[in-house]
Amino acid sequence: MTFDFEAPSSASTLASSRLLAPLNEEQLKAVTLPAEHALILAGAGSGKTRVLTTRIAWLLQTGQVTPGGILAVTFTNKAAKEMVVRLSAMLPVNVRGMWIGTFHGLCNRFLRAHWQLAQLPQTFQILDTQDQLSAIKRLCKQFNVDEDRFPPKQLQYFIAGCKEDGQRAADVPVRDDETRRKVEIYQLYEEQCQREGVVDFGELMLRSYELLRDNAHVREHYRRRFRHTLVDEFQDTNKLQYAWLKLLVGLPGEGSGGAILAVGDDDQSIYAFRGARVGNMADFVREFQVQHQIKLEQNYRSYSNILDSANELISHNKTRLGKTLRTDQGAGEPVRVVESVSDFAEAQWLVDEVRQLVKQDDFERKEIALLYRSNAQSRVLETALFNAGFPYRVYGGLRFFERAEIKHALAYLRLMENPNDDTSFLRVVNFPPRGIGARSIEQLQDVARAAGCSLHDAVSATTGKAGANLAAFVAMVDVLREQTAGKTLREIIDLVIDKTGLVNHYRAEKEGADRVENLEELVNAAESFVTQEGFGRSAVAMPQGSLGLTQSPASQGLVGDAADAPVDEFSEDGVTMSPLAAFLTHAALEAGDNQAQAGEDAIQLMSVHASKGLEFDAVFITGLEEGLFPHENAMNDFDGLEEERRLMYVAITRARKRLYLSHSQTRMLHGQTRYNLKSRFFDELPEHCLKWITPKTAGFGTGVGSGMNAGGWTNTPAQNRQARPAWGQSSLSTETYKSPPVPVQKAAPEHGITAGKQVFHTKFGEGKVLAVEGTGTDARAQVNFPRHGIKWLALSVAKLTLV
DNA sequence: ACACGATTCGTTTTT
DNA sequence: CGAATCGTGT
């Protein structure tokens with residue numbers, strides 16, 4: 001094996017070979033690429049993180065770069081943290097010198113260092129999604145925006161979308177009145193944020209982008225510094241993030257920039273709905289004239305029945321770069337396919353199967369995942385698991401720093417840092433209640449508006465009893481600020497939650513025990529944030545010179561930055577962050593875990609989206625039905641179905657040993673029973689990898705009523721409680737281990753319209769019935785008309801005739 | 001200011 | 001069906 005890097009010392013050759021030994025040929029090639037732009041197409045389970053971290057380690061080990069020359073970008077804090085952990089396990093390097101973090105974390109770091117250039121207050125605060133929404137609502141009220149015509153949620157979506165595309169209000173093309181108004185509001189929102197000294201997530205990116213765009217010397221500084229930029233999950237980057245990378249590194253011919261190593265998998269692009277642009281991969285190859293493209297197709301996770309299923313499914317997508325996973329692990333068990341009569345039955349069956357997995361097959365509970373397309377589906381599963389006494393853990397709820405009581409406490413802390421933060425001001429000005437009602441606040445807002453100042457500054461100009469109460473509130477915050485000067489973070493937070501009356505307020509509430517506990521937990525979180533400082537801080541701008549390059553040019557120890565330009569904007573001011581400021585940033589950028597269920601060995605429940613990047617010994621993909629998965633709402637945009645298929649691909653490739661695919665004939669949705677066809681994805685899987693293990697019972701009449709069916713599961717009372725239409729005798733096969741017959745009669749028969757049938761509509765013409773739901777006058781049918789698309793039609797209204 | 005009925009509206013989500 | 005929000009009444 002030959003390496004084309006500069007002659008290393010014998011010691012580092014040894015060390016390198018130790019690093020490189022566990023790699024396969026593809027991985028090795030990727031890790032030891034020359035310092036040029038490269039794209040790694042890393043299939044699921046192909047050792048992507050290993051390549052990324054080994055690449056960094058190898059670059060350092062062979063002396064090609066110093067820690068300061070490394071920039072590694074990820075999407076989640078978890079991924080960033082994992083990279084740091086694995087890297088430090090690989091070699092004793094100063095991880096601190098490197099910039100490893102999320103896009104937003106790194107942008108925050110930029111803006112903290114260059115707050116003046118970015119025209120931000122030094123103490124700017126970060127709005128999370130909730131804060132942003134409430135800021136928009138407030139704005140709408142102030143400017144009398146019709147909230148029916150312009151729902152705040154939609155405005156939020158609009159603004160975030162603009163920023164993801166790198167557009168300021170002035171850049172948005174206006175086609176119609178509605179857009180014009182939205183853009184106006186966007187502009188007003190921007191002004192409000194600027195006045196209050198707050199930035200939302202999109203703004204962190206956009207402001208950082210503009211900073212680089214508009215300041216050539218800053219841009220040059222970073223381009224010279226970062227010799228190697230590594231981007232994880234590149235398929236998830238949006239337009240702005242890619243533009244940011246282009247500025248930060250520079251296109252070929254633009255001089256001093258380093259090399260980008262982008263790692264991604266177009267088949268796992270499942271975030272187009274929030275602005276991700278898979279096209280960035282192709283653009284990257286073109287614009288950076290990428291000469292090195294490597295596919296990692298060796299999978300170390302799953303048996304081939306699982307992998308072949310994934311391969312076959314994804315091959316139905318038209319727009320892909322093309323990639324086929326392979327494994328040496330042998331076929332393994334077949335993929336099991338299960339059909340249930342109802343979502344309750346499905347849940348019950350899952351519970352029984354899980355029990356068997358644990359009892360007989362020695363699966364650990366935490367190695368079993370139940371996946372679903374939408375979070376609403378977790379409820380039935382939870383109920384069944386709960387009744388069976390199984391410990392389980394649901395991902396995707398409120399996270400720690402998003403809880404109301406925590407946000408209240410943080411709002412006080414933020415006000416101490418930045419009194420102009422009106423969002424925080426309004427959150428706690430009357431919480432706990434201190435006699436400042438809506439009337440007083442309106443009055444205050446009028447004053448603030450007239451004076452063009454923050455609510456905090458307007459207080460002194462407010463008179464009367466309201467004025468006195470407000471003055472008292474402001475005084476309290478001011479006193480807290482003074483009292484906590486020089487105190488430790490723990491002491492500060494202790495003092496705040498006590499003196500503001502937060503803890504007492506929740507103590508007095510009958511349901512408040514959890515909230516008190518959470519507030520105490522906040523104190524602990526602060527404590528460990530301070531003591532662990534230096535670990536897991538990758539996404540956070542940290543105090544005291546950890547931002548090497550932001551030191552003044554005269555100072556020593558700039559890593560990886562030999563030729564330093566005299567840039568006086570790089571003041572040390574942005575670097576000296578108080579522990580409190582750092583903690584607030586941490587809270588905003590890292591919302592924390594959602595309640596860890598006591599670290600128990602528990603079954604894992606999560607949406608397919610949330611499962612990306614994880615793996616389990618056994619995976620159940622539930623609710624594989626038309627309309628649900630693929631989701632009906634996804635069928636509107638043209639890439640919708642393909643993204644659903646990628647989602648399914650992600651789900652399948654989570655499984656190591658055993659995979660179950662489950663669908664149900666009926667499902668409760670919005671309080672109504674829906675009759676669904678099984679997902680089209682079943683037709684896209686290789687027959688020989690599958691095994692149908694649901695007995696093909698004769699529909700509801702016998703299968704449910706008999707209490708026990710051929711599959712061996714017992715019906716619960718819950719199932720029997722379910723109202724059910726009278727089913728026509730269906731001629732379902734009773735064979736157990738065979739492919740299922742084509743979708744059978746699955747609709748209430750009274751109108752004769754059933755899923756799968758061809759119907760005729762006077763206006764839309766001929767179409768195929770996809771689903772039928774409801775009964776009597778509520779009955780609706782979902783019909784796919786070739787010319788007019790998929791429509792829901794009320795059977796009592798629409799004239800549908802069977803063809 | 002708050003509590004309680006009425007109503008509305010239901011993908012996916014990280015930062 | 002169930003949550004989250006809304007509006008009215010005390």
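Bear in mind the structure is a predicted one, so any value in this text is a computation, not a measurement. All values below were derived from every heavy atom in this structure, side-chain atoms included, with hydrogens, water molecules and symmetry-related copies excluded.
Atom pair A:H505:NE2 and B:dC2:P shows a separation of 8 Å (rounding to whole Å applied). Distance, A:D200 CG to B:dT14 P: 17 Å, rounded to whole Å. If you take CD of A:E147 and P of B:dT7, they are 20 Å apart, rounded to a whole angstrom. When rounded to the nearest whole Å, the span between CZ of A:R439 and P of B:dC2 equals 13 Å. Summarising the geometry, the separation between CG on A:D148 and P on C:dC6 is reported as 10 Å, rounded to the nearest angstrom. Separating the CH2 atom of A:W244 from the P atom of B:dT15 is a distance of 16 Å, rounded to the nearest angstrom. One can place OH of A:Y395 at 21 Å from C1' of B:dT11, the figure rounded to the nearest angstrom. What separates CD of A:E590 from P of B:dT15 is a distance of 7 Å, to the nearest Å.
Listed pair A:N108 / B:dT15 fails the phosphate criterion, with no side-chain N or O lying under 4.0 Å from OP1 or OP2. Within the 4.0 Å cut-off from OP1 or OP2 of B:dT15, at least one side-chain nitrogen or oxygen of A:R399 is found.
In this structure, B:dG10 and C:dC1 make a Watson-Crick or G-U wobble pair, each of the two defining distances being under 3.5 angstrom.
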Between A:E625 and A:R674, is the salt bridge (charged side-chain N to carboxylate O under 4.0 Å, His left out) condition met? List the steps.
CA-CA 11 Å; A:E625 294 135 39; A:R674 275 178 52 149; over 6 Å; no
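Between B:dT13 and C:dA4, the two P atoms lie 15 Å apart (nearest whole Å). Using C1' as the reference atom, B:dT11 and C:dC6 are 24 Å apart when rounded to the nearest Å. Comparing B:dT14 with C:dA3, their C1' atoms sit 23 Å apart, to the nearest whole Å.
Within 4.0 Å (heavy atoms only), A:R373 reaches at least one base atom of the nucleic acid. No engagement by A:E203 is indicated, since no non-hydrogen atom pair under 4.0 Å with the nucleic acid exists. Residue A:F273 is in base contact, counting any heavy-atom pair closer than 4.0 Å across all strands shown. The residue A:A634 sits close to a base: some heavy atom pair falls under 4.0 Å. Residue contacts for A:N375: at a heavy-atom cut-off of 4.0 Å it reaches the sugar-phosphate backbone alone, with no base atom in range. Note on A:I436: only backbone sugar-phosphate atoms sit closer than 4.0 angstrom, heavy atoms only; bases stay farther off.
For A:R379, counting side-chain heavy atoms from C-beta on, the closest listed nucleotide (C:dC1, C:dG2, B:dT15) is C:dG2. Checking B:dG10, B:dT11, B:dT15 against the side-chain heavy atoms of A:L589 singles out B:dT15 as nearest. For A:H670, whose side chain is taken as the heavy atoms from C-beta onward, the closest listed nucleotide among B:dT15, B:dT11, B:dG10 is B:dG10. The side chain of A:S607 sits closest to B:dT12 out of C:dA3, B:dT12, B:dT11. In this structure, of C:dC1, B:dT11, B:dT13, it is B:dT13 that holds the atom nearest to the side chain of A:H609.
Using a 4.5 Å heavy-atom threshold, the side chains of A:Q445 and A:L455 count as touching.
A:Y189 and A:D200 share a side-chain donor-acceptor pair at under 3.5 Å.
Residue order along DNA chain B, read from the 5' end via each residue's closest nucleotide, puts A:N430 first among A:N430 and A:T129. Judged by closest nucleotide on DNA chain B, A:E643 is the one of A:A591 and A:E643 placed further toward the 5' end.
Salt bridge A:K612/A:D236: present, at least one basic N to carboxylate O contact under 4.0 Å. Salt-bridge annotation for A:E233 and A:K48: present, with a side-chain N of the basic residue lying under 4.0 Å from a carboxylate O of the acidic one.
Note on ring orientation: taking the six-membered ring where Trp is involved, the planes of A:F681 and A:F629 are perpendicular (angle over 60°, cut-offs 30° and 60°).
Applying the 90° cutoff around 0 to the glycosidic angle, B:dT11 is assigned syn.
Stacking between A:Y271 and the base of B:dT13 is absent under the criterion of ring centres within 5.5 Å and planes under 30 degrees. In this structure, A:H631 packs face-to-face on the six-membered ring of B:dT11, meeting both the 5.5 Å centre cutoff and the 30° plane limit.
Checking A:Y392, A:Y395, A:Y372 one by one against A:S378, the side-chain contact (heavy atoms from CB on, under 4.5 Å) holds for a single residue, A:Y372.
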